[in-house]
Amino acid sequence: MMRASRIVGVLGPTNTGKTHYAIERMLSYRSGVMGFPLRLLAREVYDKVVAIKGPSVVALVTGEERIVPPRAAYWICTVEAMPEGLGCDFLAIDEIQLCADPERGHVFTDRLLRARGTHETLFLGADTMRGAIADLVPGVEFMRRERMSDLVYGGSKKISRMPARSAIVGFSVDNVYAIAELIRRQKGGAAVVMGALSPRTRNAQVELYQNGDVDYLVATDAIGMGLNLDIDHVAFSSTSKFDGRRMRPLAPNELAQIAGRAGRGMSHGSFGVTGDARPLDQDTAEAIMEHRFTPLKKLNWRSADLQFGTIEALEHSLEQSPNDERLVKAREADDLRTLKIMGRDAAVAARATTASGVKLLWNVCRIPDFRGISHAEHAALLTVIFEHLHERSRIPDDFLARQVRRIDKTDGNIDALSKRLAFIRTWTYVAQRNGWVSDESHWRGETRAVEDRLSDALHERLTQRFVDRRTSVLLRRLKQKEALLAEVNDQGEVTVEGEFVGRLEGFRFSPDKSAQGAEAKALKAASLQALAPHFHLRADRFYNAPDTEIDFTDQGGLMWGEHAVGKLVASDDVLSPKIEVFVDDTAGSDVAQKVERRLQHFISRRVSTLFEPLMNLKNDEALNGLARGFAFRMVEALGVLPRAGVAQEVKDLDQDARAALRKHGIRFGQFTIFMPLLLKPAPTRLRLVLWSLANGLQEFPDAPPPGLVTVPTVEGAPEGYDTMCGYRAAGERMIRIDMLERLADMLRNEDSRGGFEAKADMLSITGMTLEQFAVLMQGLGYRSEKGERTKVKAAAETPAVAEAVADEAKAETTEPEAAEATEAAVAEDAAAAPVAEEATTEEAAAPAEAQAADAAAASDEPEVEVFYTFTWGGNRNRQNNRGGARRNEGQQARGGERSNERGGDRGPRKGKGGKPGKKGGPRQGNPGAKTFSARPPKKEKAIDPDNPFAAALMGLTKGD
């Protein structure tokens with residue numbers, strides 16, 4: 001062993017300034033060499049030394065980089081690439097405790113035993129190496145350096161609660177990517193640092209973290225090897241790692257090496273665990289905090305005295321055992337395993353028959369497996385390289401160009417770029433070897449350029465995937481406590497500092513949907529701070545907006561244009577609902593109060609306008625006694641009140657009270673007491689909303705389509721829904737209450753005991769076919785009996801005459817609803833005509849003789865028509881159909897107030913001779929009224945009730 005003039009072991013925990021001390025010592029000499037465990041760390045120190053001494057005297061030598069200026073005096077290298085025999089004044093090895101590493105430990109042990117500076121040699125590392133160095137290096141001195149800041153254990157933390165300026169450590173690429181993705185979603189983004197990254201990519205990622213674009217770093221244990229970053233907290237996502245052979249738990253000193261990255265200079269740091277990692281036990285945590293670890297007793301060793309006579313001799317020399325109890329034979333490394341595989345190849349063995357051939361083979365076997373593929377595939381590639389070098393002394397340019405060209409692609413995802421970057425590292429390593437390529441400068445430049453392009457592309461993909469630029473920009477500006485510039489365009493799109501962050505919908509900010517979790521919260525916080533002035537401007541504009549820009553929905557929501565700004569809430573007064581506004585808290589109470597006042601004005605005016613008759617009734621001070629009480633019931637029922645529920649109250653009203661109530665538009669119908677003006681679509685829609693609020697419904701039912709006399713019954717509808725819609729349920733359909741009253745007036749003239757048939761005007765006002773009308777009548781409590789009879793043919797009408805009759809009927813109809821119903825009935829009856837038209841077409845196609853014969857035969861056969869006979873159905877719906885059977889069973893002539901109870905707002909009936917109170921006489925003022933018997937009278941002239949034109953004509957002749 002060569003003995004240097006001074007050998008010093010500079011030992012201590014992390015953050016003691018050991019590397020900085022070594023750099024200062026090296027630069028105090030004319031020449032020096034420093035060996036580092038990682039290419040990344042070597043590059044970092046190289047940049048520092050170049051900043052001090054300039055690039056002309058500083059060399060960088062790693063497996064994939066070789067920058068050697070002609071006057072190089074200071075060499076910064078990886079430990080494996082350290083040049084031998086330079087005779088430099090100063091030499092230092094960093095992280096000397098890696099002598100115990102199972103993969104690379106033998107390289108560090110070799111440098112510990114054989115590498116020396118002529119004036120000074122430093123071994124930098126953990127204090128656990130003190131005993132081993134003292135036993136193996138005679139005359140060594142020791143310098144203990146203490147940590148400049150405290151390191152405390154912080155326990156377990158969820159990633160969502162991880163403090164800013166934290167590093168989360170994973171032990172596989174997949175684990176690192178998964179953690180980085182989670183942090184992007186919850187925290188806005190993370191930088192990624194791994195030993196497999198090129199220095200260019202690693203530096204770009206570190207810059208993201210160092211300049212504050214992101215507050216989180218996700219890394220492998222590569223950060224434990226001297227990388228100096230502003231880290232306050234280190235969290236382990238796992239406390240086990242795969243060491244190339246098996247999964248094993250990390251020793252306390254290994255955990256301490258990584259945890260020690262927390263805290264820099266005089267700033268204290270902390271460490272802990274996260275994710276699925278189990279909390280550290282108390283002894284381990286205390287050992288890390290107090291830097292107390294078990295000394296390393298065994299160092300990995302492999303012989304440096306290699307025999308190159310034959311492949312077998314080389315293998316034998318590499319497998320020798322050490323002769324010192326402090327040293328242990330290193331396990332089979334990748335280069336030795338590759339040598340054994342290639343040595344079994346007959347073609348390789350035939351070439352490696354001389355010492356130079358074996359040495360060349362060994363140098364080829366030392367090419368690292370950057371690609372991380374199988375040993376066999378790696379050996380196959382190295383076999384090709386060896387063959388070229390052995391036969392041509394150089395790797396052919398065309399072969400190398402093909403390999404590089406195949407890799408030189410910057411498209412694809414992170415995995416594809418990472419693989420290409422690993423592949424180019426193999427050829428970068430080859431280009432760095434002296435004499436292996438014809439033009440070393442050219443191929444070093446080519447491979448470096450490809451690596452740089454791939455590195456930039458990988459950095460870009462990593463940033464795109466794991467960093468939300470928008471969120472990071474906003475958070476950085478928030479930290480700087482500068483006023484954020486926000487803009488809102490006409491579509492409500494919000495941009496802050498030029499970045500799209502979401503939309504302003506009414507007075508609520510909706511962040512961009514791509515943001516999730518904590519990221520969305522951070523984005524919203526930054527955006528709302530910038531939007532504060534816009535909320536006030538928008539509130540002023542809303543307060544001065546006309547009512548035409550505001551509306552309510554069928555579910556009680558309040559809209560300003562297309563955006564919800566509030567909702568109606570039930571109150572003690574059904575006509576005065578409360579308001580709940582949709583305003584972000586950040587907008588402030590002033591904005592919320594202004595929006596609430598404007599919405600309260602809107603709904604109050606809308607209720608006053610649509611329910612004007614009801615409001616007049618409510619505020620009429622002239623009403624008193626029973627009339628005032630009944631008015632309260634009407635207001636409480638929102639202007640529509642089923643008569644059955646207030647029969648006694650109606651009976652108790654005297655004529656003066658009724659007259660006072662009629663002045664407000666109240667109609668006392670047979671089935672319902674209502675205000676006709678409130679049956680229009682707009683009041684009906686508002687009534688349903690107010691009624692739903694008062695009844696505490698979770699989902700408000702929709703109003704029926706406007707303009708329809710009957711609509712299908714809604715299954716599962718809340719009780720009272722049909723009344724609030726202005727309809728009455730009758731079986732499968734609901735009929736509008738004003739049309740039901742008109743139908744009741746017609747039914748009052750029929751013999752419900754003996755049976756009667758539907759008249760054309762009954763079908764007309766309901767807009768139904770005969771079959772549909774039969775179903776409706778059953779819903780109203782009548783029995784229907786279907787029958788058939790011979791149809792008496794009416795005189796044929798030409799189409800022109802029929803059309804004229806229909807037009808005249810439509811023109812003279814006084815009720816718009818009746819006109820619509822007539823048109824519907826005409827349309828339905830006309831739709832039934834295709835059968836007759838088809839028959840006519842077939843007759844026209846037949847021969848003239850056949851047509852004549854068929855016509856003669858048809859004229860002999862009677863035509864059949866379908867009819868229904870309706871009779872009162874007994875007690876069913878008796879309370880709701882009081883004007884039905886009982887009046888037709890001998891009580892039709894009840895006069896005075898009794899008639900007003902049961903028949904609606906009609907005058908008293910007259911008996912025979914015009915005297916009141918007598919039964920059986922015709923109504924006064926109607927000399928043409930019919931009398932009824934137990935069976936229907938025989939018709940003098942049969943009229944087809946299914947004929948729409950005859951129905952219209954009957955409507956004209958009978959009047960309203």
Side-chain angles (χ1 to χ4, degrees), residues 62-64 66 78 80-81 103-104 106-107 196 244-245 302-304 306-319 330-408 418-440 442-444 446-447 450-451:
T62 68
E64 300 113 274
R66 185 177 179 84
T78 53
E80 287 86 348
E103 288 288 333
R104 305 167 61 203
H106 63 276
V107 179
R245 299 287 180 89
R302 189 172 75 178
S303 174
L306 304 183
Q307 304 298 318
F308 295 108
T310 63
I311 296 177
E312 292 76 11
L314 176 60
E315 292 180 4
H316 179 71
S317 63
L318 288 168
E319 292 182 327
R331 72 186 187 187
E332 188 176 83
D334 289 343
D335 50 8
L336 178 56
R337 184 182 298 110
T338 303
L339 175 65
K340 291 181 177 180
I341 295 174
M342 295 179 66
R344 297 190 190 101
D345 188 310
V348 172
R351 290 183 172 88
T353 55
T354 63
S356 60
V358 173
K359 190 171 185 177
L360 175 62
L361 176 60
W362 174 239
N363 288 332
V364 170
C365 290
R366 296 179 66 187
I367 298 175
D369 184 10
F370 296 110
R371 299 179 298 172
I373 56 180
S374 69
H375 298 300
E377 290 185 32
H378 181 59
L381 174 63
L382 299 193
T383 298
V384 174
I385 294 175
F386 173 70
E387 290 175 350
H388 284 305
L389 292 174
H390 187 271
E391 292 179 2
R392 302 175 179 84
S393 299
R394 299 284 188 277
I395 295 177
D397 288 348
D398 57 345
F399 170 79
L400 189 54
R402 286 196 303 273
Q403 304 303 317
V404 173
R405 186 167 55 250
R406 187 182 305 137
I407 299 170
D408 190 10
S418 297
K419 289 179 180 178
R420 292 186 197 128
L421 198 54
F423 290 175
I424 197 62
R425 291 179 71 183
T426 299
W427 303 114
T428 302
Y429 185 96
V430 169
Q432 301 299 326
R433 306 281 73 77
N434 289 327
W436 281 19
V437 294
S438 57
D439 188 343
E440 295 179 2
H442 167 75
W443 287 115
R444 289 172 183 173
E446 282 291 311
T447 55
V450 173
E451 180 178 317

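Glu319 has its side chain within reach of Leu336: a pair of non-hydrogen atoms, C-beta onward, lies under 4.5 Å apart. Residues Arg406 and Arg420 fail the side-chain proximity criterion, which asks for heavy atoms closer than 4.5 Å. Contact check for His106 versus Leu318: no side-chain heavy atoms found under the 4.5 Å cut-off. Glu80 places none of its side-chain heavy atoms less than 4.5 Å from the side chain of Arg366.
From Phe386, atom CZ reaches atom SG of Cys365 across 8.5 Å, with rounding to the nearest 0.5 Å. One distance of note links CH2 of Trp427 with CD1 of Ile395; it measures 6.0 Å at 0.5 Å rounding. Atom NZ of Lys340 is separated from atom CG of Asp335 by 11.0 Å, given to the nearest 0.5 angstrom. Gln403 contributes atom CD, which lies 10.0 Å from atom CG of Asp398 (distance to the nearest 0.5 angstrom).
Under the rule for a salt bridge (Lys or Arg N to Asp or Glu O under 4.0 Å), the partners of Glu440 that lie at least two apart in sequence or sit in another chain are Arg444. Residues passing the salt bridge (Lys or Arg N to Asp or Glu O under 4.0 Å) test with Glu64 are Arg39, Arg425, sequence neighbours excluded. Checked against side-chain contact (heavy atoms from CB on, under 4.5 Å), Ala304 has the following partners two or more places apart in sequence or in another chain: Asp110, Arg114. Residues passing the side-chain contact (heavy atoms from CB on, under 4.5 Å) test with Ser418, sequence neighbours excluded: Tyr177, Ile414, Leu458.
With a 6.0 Å radius and a threshold of 12 heavy atoms from other residues, nucleotides or ligands, His442 has its NE2 atom above the threshold.
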All N/O donor-acceptor pairs, side-chain side in residues 369-376, below 3.5 Å, sequence neighbours left out:
from	atom 1	to	atom 2	distance (Å)
Asp369	OD1	Gly372	N	3.2
Asp369	OD2	Ile373	N	3.4
Ser374	OG	Glu377	N	3.2

Let me check something: any side-chain donor-acceptor pairs from residues 354-362 under 3.5 Å, sequence neighbours excluded? List them with distances.
from	atom 1	to	atom 2	distance (Å)
Thr354	OG1	Ser356	OG	3.1
Thr354	OG1	Gly357	N	3.2

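Taking all atoms of both residues into account, the shortest heavy-atom contact from Ala333 to Arg302 is CB-NH1, 3.8 Å. Taking both residues in full, the closest heavy atoms of Thr447 and Ala431 are given as OG1-CB, 4.1 Å, listed atom of the first, atom of the second, then distance. Listed here is the closest heavy atom pair of Ala349 and Ile311: CA-CD1, 4.2 Å. For the residue pair Glu387 and Ala347, the shortest heavy atom distance occurs at OE2-CB, 4.4 Å. Closest approach of Trp443 to Val437, counting heavy atoms only: CD1-CB, 3.9 Å.
Between Phe399 and His388, the two ring planes are tilted [angle within 30° to 60°].
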side-chain contact (heavy atoms from CB on, under 4.5 Å) evaluation trace for Ile424 with Leu421: CA-CA 5 Å; Ile424 197 62; Leu421 198 54; 4.1 Å; yes

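A salt bridge links Asp334 with Arg337; the closest basic N to acidic carboxylate O contact falls under 4.0 Å.
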